[in-house]
Amino acid sequence: QVPLVESGGGLVQAGGSLRLSCAASRPAFSSYSMAWFRQAPGKEREFVATSTSLGGSTYYKDSVKGRFAISRDNDGTTVFLQMNDLKPEDTAVYYCAAGSYYNTMHDYSGNYNWWGQGTQVTVSS
């Protein structure tokens, strides 16, 4: 059993759009922060966006502000990442994550205890 399952990745040209989704198998995750991270070949995993419980607050990596939007469904167990105006540098495996933490470091991977297996996003020129 996998607690988080991502979908929606694919191959698009620069300027295109994709919508990723992540389904949580445990209802308790509705009270967790849920986030998207990504990892490109040869690079460290990096933060993309986070939504706090039921989407009360959102936080973004600076380079995706204005292009990406994170959202959650009404029960908080599915998180989405709408990606517009995609650029080649967005190419990576995208992972969703869930965690419950008591600090303000929303972009810190160590705050997230549950991870999906990733979905590939490839952006070509």
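Note: hydrogens, waters and symmetry copies are ignored here, and every other heavy atom, side chains too, is used. If you're wondering where the values come from, they're calculated on a predicted model, not measured in any experiment.
- Of all the heavy atoms in Y112 and S33, the pair that sits closest is CE2-O, 4.0 Å.
- By the rule that hydrophobic residues join a cluster once side-chain heavy atoms approach within less than 4.5 Å of another member, W114 and M34 end up as members of one cluster.
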Residues 8-25 side chain polar contacts: donor-acceptor under 3.5 Å, at least two apart:
{"from": "S17", "atom 1": "OG", "to": "N84", "atom 2": "OD1", "distance (Å)": "2.9"}
{"from": "S21", "atom 1": "OG", "to": "S7", "atom 2": "OG", "distance (Å)": "2.8"}
{"from": "S25", "atom 1": "OG", "to": "P3", "atom 2": "O", "distance (Å)": "3.4"}

Kindly indicate, with the supporting measurements, whether the criterion side chain to side chain contact (heavy atoms under 4.5 Å, CB included) is fulfilled by Q117 and L4.
CA-CA 8 Å; Q117 293 183 325; L4 301 172; over 6 Å; no
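- Linking Ile, Leu, Val, Met, Phe, Trp and Tyr residues whenever their side-chain heavy atoms come within less than 4.5 Å places V123 and L81 in a single cluster.
- Remark: D90 does not engage K87 in a salt bridge, criterion side-chain N to carboxylate O under 4.0 Å.
- Ring orientation note: the planes of F29 and Y32 are tilted relative to one another, at an angle of 30° to 60°.
- Across Y60 and I70, no two heavy atoms sit closer than the pair OH-N, 2.8 Å.
- Using modelled atom types, one side-chain atom of N111 and one backbone atom of M105 make a donor-acceptor pair closer than 3.5 Å.
- Under the rule for a ring-ring contact (aromatic ring centres under 6.0 Å, His included), the partners of F47 that lie at least two apart in sequence or sit in another chain are F37.
- Counting heavy atoms from C-beta outward, T58 and T50 have side chains that stay 4.5 Å or more apart.
- Looking at heavy atoms from C-beta onward, Q120 lies out of side-chain contact with Y94 at the 4.5 angstrom threshold.
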Go through it in stages, so that I can follow the logic: the residues are T78 and R72, the test is side chain to side chain contact (heavy atoms under 4.5 Å, CB included), and I'd like the CA-CA distance, side-chain angles, deciding distance and then a yes or no.
CA-CA 6 Å; T78 302; R72 296 169 77 155; over 6 Å; no
Can E89 and T91 be said to form a side chain to side chain donor-acceptor pair (under 3.5 Å), step by step?
CA-CA 5 Å; E89 54 263 40; T91 295; over 6 Å; no
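- The local environment of OH in Y101 is crowded, with over 12 non-hydrogen atoms from other residues, nucleotides or ligands closer than 6.0 Å.
- Side chains of R45 and R38 form no contact here, defined as non-hydrogen atoms less than 4.5 Å apart.
- Of the possible donor and acceptor atoms, one in the side chain of E6 sits under 3.5 Å from a partner among the backbone N and O of C96.
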Side chain to side chain contact (heavy atoms under 4.5 Å, CB included) between E44 and Q39, intermediate numbers included:
CA-CA 6 Å; E44 297 292 322; Q39 187 167 22; 5.6 Å; no
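- You'll find the side chain of L86 reaches within 4.5 Å of the side chain of F68, heavy atoms only.
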In sequence, state the C-alpha distance, the side-chain angles, and the governing distance for V79 and W36, and then conclude on side chain to side chain contact (heavy atoms under 4.5 Å, CB included).
CA-CA 9 Å; V79 63; W36 291 94; 3.9 Å; yes
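- Take Y95 and apply the ring-ring contact (aromatic ring centres under 6.0 Å, His included) test, not counting sequence neighbours, and it matches no residue.
- V93 and W115 fall within a single hydrophobic cluster, where Ile, Leu, Val, Met, Phe, Trp and Tyr are joined by side-chain heavy atoms under 4.5 Å apart, directly or via other members.
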